[in-house]
Amino acid sequence: MAKYFFKRLISLIPKLLVISLIIFVGLKLLPGDPITRTISPDAYANMSPAQLEDLRESLGLNDPMPVQYLRWMGNMLQGDFGYSQVNGSSIAQMLAQRLPATLELAGLGLIVATIFGLALGFLAAVKQNSLFDYASSFVGMIGVSVPEFFLGMVAILIFAIQLKWLPPGGRMAPGKEAFLDRIEYLALPVMSVGISYTATLMRFTRSSMLDVLNKDYIKTARSKGLSEFTVNLKHGFRNALIPIMVIIVFRIPLLVSGTVVVESIFNYPGMGDMLLSAISGGDMPVVMMSTFIISAVILLVSFLSDMVTALLDPRVHFEG
């Protein structure tokens, strides 16, 4: 098992290197002086041409490209991502402020979608061919088909503008930092992120449950006089849960990347909103560093998904 995990972890290194190389080359191809992406704009404005040339030499900007790349990677590993060309802010500080918000949104979306997806899928399988089964299947089809940005706009129109139950955007009220104070602001974004995932998980749970309920050991359990609740929950749902858990962890990377558009719609101060704002403002250093961090997070989540899949699915051979 440890050998398998180690192999999967090592396989992340070349992927991150390729992503970092693409970003480095892209930064080099950007117009303008590369020093503006290395020091703050205020310091740059107060320096003479001779001082700028000395700084360029001291920073190694005249060195060969491979040397610059290795130095740049070393700075990134130390948390030095440079500065924004638009507002002069440290990109590292911007990422430190935005990344927790994105992870919070994606994490809550995963929790809510998992709870409702499992519950609705379980009930649809137990009540097969009932009105509830048909209704949940119909709603599931809609949830899978409708894009997240459309769901977000409809949610704002209904719950924020028409009913005025929830705020239309943002993360928290001024002066409020507690998690409970953010619940009303998170409700609509989490719903928009989680509906599609809920529908997918519900349909897969229903299929997995129906497959298990047709097994011979389920018929044997019923013949022993066990209650339907015990048969469905203990013998049915528990055995159907293994492939369902594989699907849950497999979809986590898509859930993280899917918050980008939702954050923009709700003006939610996360990585996605920062990335789209940087693209529209032409702030390419922020765009590339944000892309690198999002890619690294998705790769890490994919690695964790592989690990959970290997632990849950007996068909995965650790030494294979």
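Just the heavy atoms: all of them, side chains too, but no hydrogens, waters or symmetry mates, feed the values below.
Between the side chain of Gln68 and the backbone N or O of Asp63, at least one donor-acceptor pair lies under 3.5 Å. The backbone N or O of Gly270 lies less than 3.5 Å from a partner atom in the side chain of Arg98, making a donor-acceptor pair.
If you take CE on Met289 and OG on Ser20, they are separated by 9.5 Å, rounding to the nearest 0.5 Å. Interatomic distance, Leu16 CG to Ser295 OG, rounded to the nearest 0.5 Å: 8.5 Å. To the nearest 0.5 Å, atoms CD1 (Ile91) and CG (Asp80) are separated by 9.0 Å. To the nearest 0.5 Å, the span separating CG on Leu151 from CD1 on Ile156 amounts to 11.5 Å. Summarising the geometry, atom CD1 belonging to Ile158 is positioned 14.0 Å from atom NZ belonging to Lys164; distances are rounded to the nearest 0.5 Å. Distance OG/Ser145 to CE/Met141: 5.5 Å, rounded to 0.5 Å.
The environment of CZ in Phe132 is crowded: more than 12 heavy-atom neighbours from other residues, nucleotides or ligands sit within 6.0 Å. For Gln93, the CD atom counts as loosely surrounded, since its 6.0 Å shell holds 12 or fewer non-hydrogen atoms of other residues, nucleotides or ligands. Atom CE of Met153 sits in a crowded spot, with more than 12 heavy atoms from other residues, nucleotides or ligands closer than 6.0 Å. Within 6.0 Å of CG in Leu131 there are 12 or fewer heavy atoms belonging to other residues, nucleotides or ligands.
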For this session: Begin with the C-alpha distance, continue with both residues' side-chain angles, and end with the deciding distance and a verdict on side-chain contact (heavy atoms from CB on, under 4.5 Å) for Phe81 and Asn75.
Result: CA-CA 7 Å; Phe81 295 134; Asn75 291 335; over 6 Å; no
For this session: In sequence, state the C-alpha distance, the side-chain angles, and the governing distance for Val112 and Tyr197, and then conclude on side-chain contact (heavy atoms from CB on, under 4.5 Å).
Result: CA-CA 9 Å; Val112 172; Tyr197 189 36; over 6 Å; no
For this session: Take Leu188 and Met191 through the test side-chain contact (heavy atoms from CB on, under 4.5 Å) and record every step on the way to the result.
Result: CA-CA 5 Å; Leu188 294 183; Met191 181 182 69; 3.9 Å; yes
For this session: Please report the C-alpha distance between Met73 and Leu17 in whole Å, then the side-chain angles of each, then the deciding distance to 0.1 Å, and finally whether the side-chain contact (heavy atoms from CB on, under 4.5 Å) criterion is met.
Result: CA-CA 9 Å; Met73 278 293 295; Leu17 288 177; 4.2 Å; yes
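By the 30° and 60° cut-offs, the orientation of the rings of Trp165 relative to Phe159 is tilted. Ring pair Tyr69/Phe24 is perpendicular by interplanar angle, where above 60° counts as perpendicular and below 30° as parallel.
Shortest non-hydrogen contact noted between Val286 and Ser290 is O-OG, 2.7 Å. When all heavy atoms of Pro189 and Val262 are compared, the closest pair comes out as O-CG1, 3.9 Å. The two atoms that bring Leu95 and Pro100 nearest to each other are O-CD, 4.1 Å, heavy atoms only. Nearest heavy-atom pair, Gly152 versus Ile265, reported as atom, atom and distance to 0.1 Å: C-CG2, 4.3 Å. Looking at every heavy atom in both residues, Ser192 comes nearest to Glu148 through O-CG, 3.9 Å. Met94 and Ser89 make their closest contact through SD-CB, 3.8 Å (heavy atoms, listed as atom of the first residue, atom of the second, distance).
Ile19 places none of its side-chain heavy atoms less than 4.5 Å from the side chain of Thr291. Contact annotation: the side chain of Tyr268 never approaches that of Thr102 to less than 4.5 Å [non-hydrogen atoms, C-beta and beyond]. Within the 4.5 Å cutoff, side-chain heavy atoms of Lys224 are placed close to those of Thr220. Contact annotation: the side chain of Gln97 never approaches that of Met274 to less than 4.5 Å [non-hydrogen atoms, C-beta and beyond]. By the 4.5 Å heavy-atom criterion applied to side chains, Leu157 and Gln162 are counted as neighbours. Under the 4.5 Å side-chain criterion, counting only non-hydrogen atoms from C-beta, Ile111 is not in contact with Val190. Between Phe266 and Pro168 there is no side-chain heavy-atom pair separated by less than 4.5 Å. You'll find the side chain of Ile23 reaches within 4.5 Å of the side chain of Trp72, heavy atoms only.
Cluster annotation: Val126 is connected to Leu120 through the hydrophobic network of ILVMFWY side chains, with a link wherever side-chain heavy atoms come within less than 4.5 Å. By the rule that hydrophobic residues join a cluster once side-chain heavy atoms approach within less than 4.5 Å of another member, Leu299 and Ile22 end up as members of separate clusters. Placement of Leu77 and Leu12 in two distinct hydrophobic clusters is found when ILVMFWY residues are connected by side-chain heavy-atom separations under 4.5 Å, directly or transitively. Residues Ile10 and Val18 do not share a hydrophobic cluster, defined by chaining ILVMFWY side chains whose heavy atoms lie under 4.5 Å apart. Following chains of ILVMFWY side-chain contacts shorter than 4.5 Å, one cannot reach Leu241 starting from Ile115, and the two form parts of different hydrophobic clusters.
Counting only residues at least two apart or on different chains, the side chain to side chain donor-acceptor pair (under 3.5 Å) pairs with a member in residues 133-144 are Asp133-Arg206.
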Result block: side-chain N/O donor-acceptor pairs under 3.5 angstrom for residues 208-216, not counting sequence neighbours:
unit_1, atom_1, unit_2, atom_2, d
Ser208, OG, Ala240, O, 3.1
Asn214, ND2, Leu210, O, 3.0

Which atom pairs, one a donor and one an acceptor, fall under 3.5 Å between side chains of residues 198-205 and the rest of the protein, sequence neighbours left out?
unit_1, atom_1, unit_2, atom_2, d
Thr198, OG1, Gly194, O, 2.7
Thr200, OG1, Ser196, O, 3.1
Thr205, OG1, Leu201, O, 2.7

